[in-house]
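Below is one structure, written out as structure tokens, with a few remarks after it.
Remember, predicted model here, so these are calculated numbers, not experimental data.
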Amino acid sequence: MIVNVRAANKSFGSQELFKNLNLKIDEREKVAIIGANGVGKTTLFHILQGTESLDSGDVFWASNIRIGFLEQLHLDDISITVKDYFNEAFKELFVLKDRLESLETTMLTDHSDAVLKQYDRVQQSFLRLGGYTYETEIHTILTKFNFTVEDLERPLNTFSGGQITRLAFIRLLLSKPDVLFLDEPTNHLDISTIEWLEGYLSSYDGAVVIVSHDRLFLDRVCRVVIEIENYQAERYESNYSGYQVLKEKNIERHNIKFQNQQREIERLEKLIEKFRFKRSKAAFAQSKIKYLDRMDKLEKIDVKKREFKANFKSKLRGGKEVLSISELAVGYDKPLLSMTYTFERGHRYAIVGDNGTGKSTLLKTLAGKLPPLQGEMLLGHQIEMGYFDQQLLNFSMNKTVLEEVWDDFPELDHTEIRQALGRFLFKGMMSLNL
């Protein structure tokens, strides 16, 4: 066992997240932490990382465990080269390398068994940490994340913010902690990198703990699912697909027990009502009353979950040809791509490709957020366009959820706004800031 959480309690103000929560994670387990938004997944994640504390309860770690999680780079860090940044993950290895070289010098004149045994011990540790393969591993992971070997000599401050995040991810993998904590690891990764990462994490020698909304990724990597629900942590020995089946069966068994208990309660209540006023049976009735009072009452589990409900349709039925583009070139200082195509009503299109190939630039150009470098775009008859920005630049973070939506649709009344937000699973949190 690597970590054991016992009797954990955590609240934020009046909002309780955990009540007497227990969980454990064993060596080399690949664990998904799941649950509805707001149940405390990220809080639990931070508690396990040691960056958040419990109100009460204990977190027990095995001795000499090294944990790793993605950290933000500070501004004073990014003037160093990528190579120097990565080498920080191999400090222990370099100490062993220096020790080996020192012992080799000693062995030129000292051939004692003590020196030879010491050299053997240090060399075994050096091999275990990848002493002769770490440079090859750096090159492999670097290229899998769409960098080049030449990038090792570039300063960190010459890369974009997204690239720096990926470089930090690479260094985390190179450091090989006993437990890897990954929060939404597939964000900002292209498909080929995600596919490689799935294989890498599946065979990773340590434990991996993941919070992610990418169900396919969880299905392929994790073999244990810990669900946070009703202030507790329920452990399922399965991947995500198997968890769904197991949970459904658990709910079915629980509700059968609930129904049986309800029938037993009804039977006992009838007996109590029948005999409680009869002197000869009063003691019998009192014993049944005490038995009911001590009974651990079950609650029925509603199998119907809150689900996103919406019916998307345009205000007007536009023409069959939604958008026609001809020899359209997109980019900033130089074209990233060019294309000619006609988008038609009723079709669903996916734009895929590696990072930096122009996917977002194309989408912004089609949405009119960026001017094309050349070519033509023509919207079809009665076509209106909507655009969702992944950075949420169109939102005011100082407004509440209710205010943000109501300001855009002032013609709707309070009830209509709340009903619309409710369909998107915003319940009881309308006054929270974005």
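Within the 4.5 Å cutoff, side-chain heavy atoms of V3 are placed close to those of V59. Taking 4.5 Å as the limit, every side-chain heavy atom of I383 sits out of range of all side-chain heavy atoms of F343. Between L156 and V82 the shortest side-chain heavy-atom distance falls below 4.5 Å.
When all heavy atoms of D219 and Y240 are compared, the closest pair comes out as OD1-N, 3.1 Å. Shortest non-hydrogen contact noted between V221 and K30 is O-CB, 3.4 Å. Looking at every heavy atom in both residues, F18 comes nearest to V39 through CE2-O, 3.9 Å. Nearest heavy-atom pair across S238 and V225 is O-CG2, 3.5 Å. Nearest heavy atom pair, residue E321 against residue S324, reads OE1-OG, 3.7 Å. Between F126 and L96, the shortest heavy-atom contact is N-CD1, 3.8 Å.
The side chain to side chain contact (heavy atoms under 4.5 Å, CB included) test with F181 singles out one residue from V211, V209, L172, and that residue is V209. For the side-chain hydrogen bond (donor to acceptor under 3.5 Å, both in side chains) with K10, the lone residue among Q15, E52, E16 that qualifies is E52.
Neither side chain, S212 nor D214, offers a donor N or O lying under 3.5 Å from an acceptor on the other.
Side-chain N or O atoms of R166 include one that pairs as donor or acceptor with a backbone N or O of F145 at under 3.5 Å. Judged purely by atom type and a 3.5 angstrom limit, Q123 has no side-chain atom pairing as donor or acceptor with the backbone of L100. Y387 places no side-chain N or O within 3.5 Å of a backbone atom of L363 that could act as its donor or acceptor partner. Listed for the K369 side chain is no donor-acceptor partner under 3.5 Å among the backbone atoms of T361. In this structure, the side chain of N230 does not engage the main chain of Q232 through any donor-acceptor pair within 3.5 Å. Between the side chain of S175 and the main chain of A89, no donor-acceptor pair closer than 3.5 Å is present. The closest donor-acceptor contact from the side chain of K359 to the backbone of G353 lies under 3.5 Å. Put simply, the side chain of D178 never gets that close to the backbone of I67: no donor and acceptor are under 3.5 Å apart. T133 places no side-chain N or O within 3.5 Å of a backbone atom of T136 that could act as its donor or acceptor partner. Side-chain atoms of Q261 come within 3.5 Å of backbone atoms of D296 as a donor-acceptor pair (strictly under, hydrogens ignored).
How far CG of L70 is from CZ of R171: 10.0 Å, rounded to the nearest 0.5 Å. Taking CG of L17 as the start and CZ of F12 as the end, the distance is 6.0 Å to the nearest 0.5 Å. Once rounded to the nearest 0.5 Å, the distance linking CD of E229 with CD1 of I34 reads 9.0 Å. A distance of 5.0 Å separates OH of Y236 from CG of N250, quoted to the nearest 0.5 Å. Interatomic distance, CD1 of I170 versus CD1 of I141, reported as 7.5 Å (0.5 Å rounding). Summarising the geometry, atom CD belonging to E27 is positioned 6.5 Å from atom CD1 belonging to I65; distances are rounded to the nearest 0.5 Å.
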* **Derivation of the side-chain contact (heavy atoms from CB on, under 4.5 Å) call for Q419 and T415** => CA-CA 6 Å; Q419 287 175 345; T415 300; 3.6 Å; yes
* Would Y231 and L21 satisfy side-chain contact (heavy atoms from CB on, under 4.5 Å), going step by step from the backbone distance to the final call? -> CA-CA 7 Å; Y231 315 109; L21 177 145; over 6 Å; no
* Asked: Between S241 and N239, is a side-chain hydrogen bond (donor to acceptor under 3.5 Å, both in side chains) present by the stated rule, with each step listed?
  -> CA-CA 6 Å; S241 294; N239 65 358; 4.9 Å; no
* To do: Decide side-chain contact (heavy atoms from CB on, under 4.5 Å) for I25 and V224; before the verdict, give the C-alpha distance in whole Å, the side-chain angles of both, and the deciding distance to 0.1 Å.
  => CA-CA 9 Å; I25 297 171; V224 174; over 6 Å; no
* How far apart are the C-alpha atoms of F94 and Y134, what are their side-chain angles, what is the distance that settles it, and do they pass the ring-ring contact (aromatic ring centres under 6.0 Å, His included) test? -> CA-CA 11 Å; F94 295 148; Y134 78 94; 5.7 Å; yes
* Asked: Please walk me through it: do D151 and L167 pass side-chain contact (heavy atoms from CB on, under 4.5 Å)?
  -> CA-CA 10 Å; D151 287 330; L167 289 170; over 6 Å; no
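Between R66 and E92 there is no salt bridge, since no side-chain N of the basic residue sits under 4.0 Å from a carboxylate O of the acidic one. The residues E237 and R235 are annotated as salt-bridged, a charged nitrogen and a carboxylate oxygen being separated by less than 4.0 angstrom. A salt bridge links K24 to D26: at least one charged side-chain nitrogen sits closer than 4.0 Å to a carboxylate oxygen. We find that K247 and E234 are not joined by a salt bridge, their nearest charged nitrogen and carboxylate oxygen being 4.0 Å or further apart.
Applying the 6.0 Å contact sphere to CD of E248 captures no more than 12 heavy atoms from other residues, nucleotides or ligands. For E327, the CD atom is loosely surrounded, since the number of other residues' heavy atoms within 6.0 Å does not exceed 12. Counted within 6.0 Å of CZ on R215, heavy atoms from surrounding residues, nucleotides or ligands total 12 or fewer; the atom is thus considered open. Enclosure of atom CD in E101 by more than 12 non-hydrogen atoms of other residues, nucleotides or ligands within 6.0 angstrom is indicated. The 12-atom threshold is exceeded at CD of E416, counting heavy atoms of other residues, nucleotides or ligands nearer than 6.0 Å. The number of heavy atoms from other shown groups lying within 6.0 Å of CZ (F409) does not exceed 12. Atom NE2 of H381 has 12 or fewer heavy atoms from other residues, nucleotides or ligands within 6.0 Å. Other residues, nucleotides and ligands contribute over 12 non-hydrogen atoms within 6.0 Å of the NZ atom of K297.
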